[in-house]
Amino acid sequence: MDFSPNYNLVEELKWRGLFHQAVPGTENLLLEEMTTGYVGFDPTADSLHIGNLVPIILLVHLQRAGHKPIALVGGATGMVGDPSGKKSERQLLDSSTITHNLESQKKQLEQFLDFDKGLNSAEVVNNYDWFKNISFLDFIRDVGKHISVNYMMAKDSVKNRLEDGMSFTEFSYQLVQGYDFYHLWKEKNVKLQMGGSDQWGNIVTGTELIRRKGNGKGFSLTAPLITKSDGSKFGKSEGGNVWLDAKKTSPYQFYQFWMNTSDEDAERYIKIFTLHDKAYIDNLIQEHRNAPHMRLLQKDLSAYITKWVHGESGYNTAIAASNILFGKATSESLRNLSEDDFFSIFEGVKKHQIFEIQGVNIVEICAESGFLASKSEAKRALKENSVSVNSEKVTEDFNFSNTDLINDKYILLQRGKKNKFILIKK
RNA sequence: GGGGAGAUACCAGAGCGGUCAAAUGGGGCAGACUGUAAAUCUGCUGCUUCGGCUACGUAGGUUCGAAUCCUACUCUCCCCA
């Protein structure tokens, strides 16, 4: 019982802006004993996205503080569907999709946690492993009996759906997730569940179950919802979600997402998404305020997370691409790239094959290649002076010639700074 | 079951016989300014062989002419029983 944590987790999370609320006594628990805590992940897609980073980081901090983290992948809960924050009934995924998603997510989770750290090594568990052996009747007798419908109805996730309707399946979700906590508490001495603030209701059903059925005490801790200062939703880019999987969001796009963080948000995000200590961060914020145009915060933030998720090589590609595109990008520097470099830099940029380029008008190309929606739109864009060929602005009367092909093979089209498209000569 | 209101572009929402490819706001895109930020300002936001063509819930009708009037249908919302 002579445990002493590496740091006060609750305090640490508070200054980082990662603390929303906790059950009373959680802080003391974490100071007094090595605690096993877990976070659940929903296998809704075959990759985690940056919205999942916060719960992951909670686990990372838990482990760094000296406790034992468990990442739970929801093989069972994924079959049911969490209604939290959803306005309407969800489409159920079939079990082979769930299994596939589960495996992918498991690999991603593993890169963030330390599985070889003695007593507080991380673990990954799948709640399907214990749910597969529980029959429906057993469940409603042994678990359902302890939680009243009145209690379940009071949850926001249910209340918000009372008007529009909700299936019994989703209604029972909180019981299923609650049982996870109970099971882990009983079998693995897990005392803490963490998650985003939207999970509070589900987590508390778990502590309630531990109290009533197990006559014990479960603790909980949630992180606030990450917001953007302009009110739009965090974690989305033009193309939708920002994924951790390099195949779905290239390291370059990933890096750019963070690079585009506003100053205001960057000061908050650097605390949330990096493990830099307080002194380092305070200093960096100060430097940034003194010379905002240097974008020190954005650069540090982007570099840190990109390396964490995509490794050094992913980061280097992202930097190379960014320098080409946002540095003094000239036709010259594009042409100096080797073919391999070019394609690795523009990985993830939409491409289109073309057979003849000599003499073809820019409007035709834009519309027919699928770069812009129609000729009208292409003309509009050209009128706005927003279209470039190989980083040089062109006008409506521009016709391509074979000399525009870089390495005799490809052409970079851009609309504005951020929309890119590649033509490849076949 | 009875009564009422409505359905317009990505969204909200005006228009109520021609001047309507449709006001205004939001969103989106681009330009300027900057720092790949924020704020601000400006432009654009159906397609086109640039002649036109297709669009205002769906199908018909009246009219020289309809988003606007009439009929039917479908759907949505509200009130009463």
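For clarity, every value in this text was computed on a predicted model and none was experimentally measured. Numbers restart at 1 for each chain; the letters A, B, ... are given by sequence-line order, proteins then strands. In what follows, every heavy atom counts, from backbone to side chain, and hydrogens, waters and symmetry copies are set aside.
For A:Val349, the side-chain contact (heavy atoms from CB on, under 4.5 Å) partners are A:Phe346, A:Lys420, A:Ile422, not counting sequence neighbours. The salt bridge (Lys or Arg N to Asp or Glu O under 4.0 Å) search around A:Lys409 returns A:Glu339, not counting sequence neighbours. Listed by chain and residue number, A:Gln177 satisfy the side-chain hydrogen bond (donor to acceptor under 3.5 Å, both in side chains) test with A:Tyr173 (two or more places apart in sequence, or in another chain). The side-chain hydrogen bond (donor to acceptor under 3.5 Å, both in side chains) check on A:Gln174 picks up A:Lys155, A:Thr205, with sequence neighbours excluded. Evaluation of the side-chain contact (heavy atoms from CB on, under 4.5 Å) rule for A:Asn126 yields A:Val73, A:Leu102, A:Tyr128, A:Asp129 as partners, not counting sequence neighbours.
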What N/O pairs connect the protein and nucleotides 51-55 of chain B at under 3.5 Å? Give each pair on its own line.
none

Which atom pairs link the protein and nucleotides 44-49 of chain B when you take only N or O atoms and keep those under 3.5 Å?
unit_1	atom_1	unit_2	atom_2	d
B:rC44	O2'	A:Arg380	NE	3.4
B:rC47	OP1	A:Ser374	OG	2.8
B:rC47	OP2	A:Arg380	NH2	2.9
B:rU48	OP1	A:Lys375	N	3.2
B:rU48	OP2	A:Lys375	N	3.4
B:rU48	OP2	A:Ser376	N	2.7
B:rU48	OP2	A:Ser376	OG	2.5
B:rU49	OP1	A:Lys375	NZ	3.2

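In this structure, A:His288 places its NE2 atom 12 Å from P of B:rG35, rounding to the nearest Å. Distance OH (A:Tyr269) to P (B:rA37): 15 Å, rounded to an integer number of Å. Separating the CD atom of A:Gln414 from the C1' atom of B:rU36 is a distance of 12 Å, rounded to the nearest angstrom. For the pair A:Asp263 CG and B:rU36 C1', the computed distance is 12 Å after rounding to whole Å. As rounded to whole Å, 12 Å separates atom P of B:rU36 from atom CG of A:Asn323. When rounded to the nearest whole Å, the span between CZ of A:Arg415 and C1' of B:rG31 equals 11 Å. Regarding A:Lys417, its NZ atom lies at a distance of 10 Å from the P atom of B:rA30, rounded to whole Å.
In RNA chain B, stems built from 3 or more consecutive Watson-Crick or G-U wobble pairs, each with both distances under 3.5 Å, span B:1-7 with B:74-80, B:10-12 with B:24-26, B:27-32 with B:40-45, B:57-61 with B:69-73.
Between the C1' atoms of B:rG13 and B:rG27, the separation comes to 14 Å (whole Å). As rounded to the nearest Å, B:rU54 and B:rG35 have C1' atoms that lie 45 Å from one another. Here, B:rA30 and B:rG4 have their C1' atoms 47 Å apart, quoted to the whole Å. The P atoms of B:rC47 and B:rU42 are separated by 25 Å, rounded to the nearest whole Å. Between B:rU48 and B:rG3, the distance separating the two C1' atoms is 49 Å to the nearest Å. With both ends at atom P, the span from B:rU40 to B:rG26 equals 10 Å, rounded to whole Å. Rounded to whole Å, the separation between the C1' atoms of B:rA37 and B:rG25 comes to 26 Å. Only the C1' atoms considered, B:rG6 is 28 Å distant from B:rU19, to the nearest whole Å.
Anti is the conformation of B:rG28, whose glycosidic angle sits further than 90° from 0.
The side chain of A:Asn419 places no N or O atom within less than 4.0 Å of a non-bridging phosphate oxygen (OP1 or OP2) of B:rC29.
Atoms CG and OG, on A:Leu31 and A:Ser4 in that order, are 9.0 Å from each other to the nearest 0.5 Å. Remark: A:Leu244 CG to A:Gln108 CD distance equals 5.0 Å, nearest 0.5 Å. A distance of 5.5 Å separates CD1 in A:Ile362 from CG in A:Leu413, rounded to the nearest 0.5 Å. Atoms CG and CD, from A:Leu296 and A:Gln286 in turn, are 12.0 Å apart once rounded to the nearest 0.5 Å.
Between A:Trp258 and A:Phe273, the ring centre distance stays below 6.0 Å.
Within the structure, every pair that satisfies the salt bridge (Lys or Arg N to Asp or Glu O under 4.0 Å) test and touches residues 8-28 of chain A, not counting sequence neighbours, is listed here: A:Glu12-A:Arg16. Residue pairs meeting the salt bridge (Lys or Arg N to Asp or Glu O under 4.0 Å) criterion with at least one partner in residues 97-109 of chain A, sequence neighbours excluded, do not occur; the list is empty. Among residues at least two apart or in separate chains, there is no ring pair (Phe, Tyr, Trp, His ring centres under 6.0 Å) pair with a member in residues 4-26 of chain A.
By the 30° and 60° cut-offs, the orientation of the rings of A:Phe400 relative to A:Phe398 is perpendicular.
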Steps toward side-chain hydrogen bond (donor to acceptor under 3.5 Å, both in side chains) verdict (A:Asn127, A:Thr77): CA-CA 7 Å; A:Asn127 58 10; A:Thr77 30; 2.8 Å; yes
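Residues from residues 294-316 of chain A placing a heavy atom under 4.0 Å of any atom in RNA chain B, listed by number, are A:Arg295, A:Gln298.
In this structure, A:Met259 and A:Gly416 both approach RNA chain B, and ranking their closest nucleotides by distance from the 5' end singles out A:Gly416. Along RNA chain B, the nucleotide nearest A:Asn260 and the nucleotide nearest A:Lys393 are compared for position; the residue whose nucleotide lies closer to the 5' end is A:Lys393.
The side chain of A:Gln256 approaches B:rU36 more closely than any other nucleotide in the set B:rA30, B:rA37, B:rU36.
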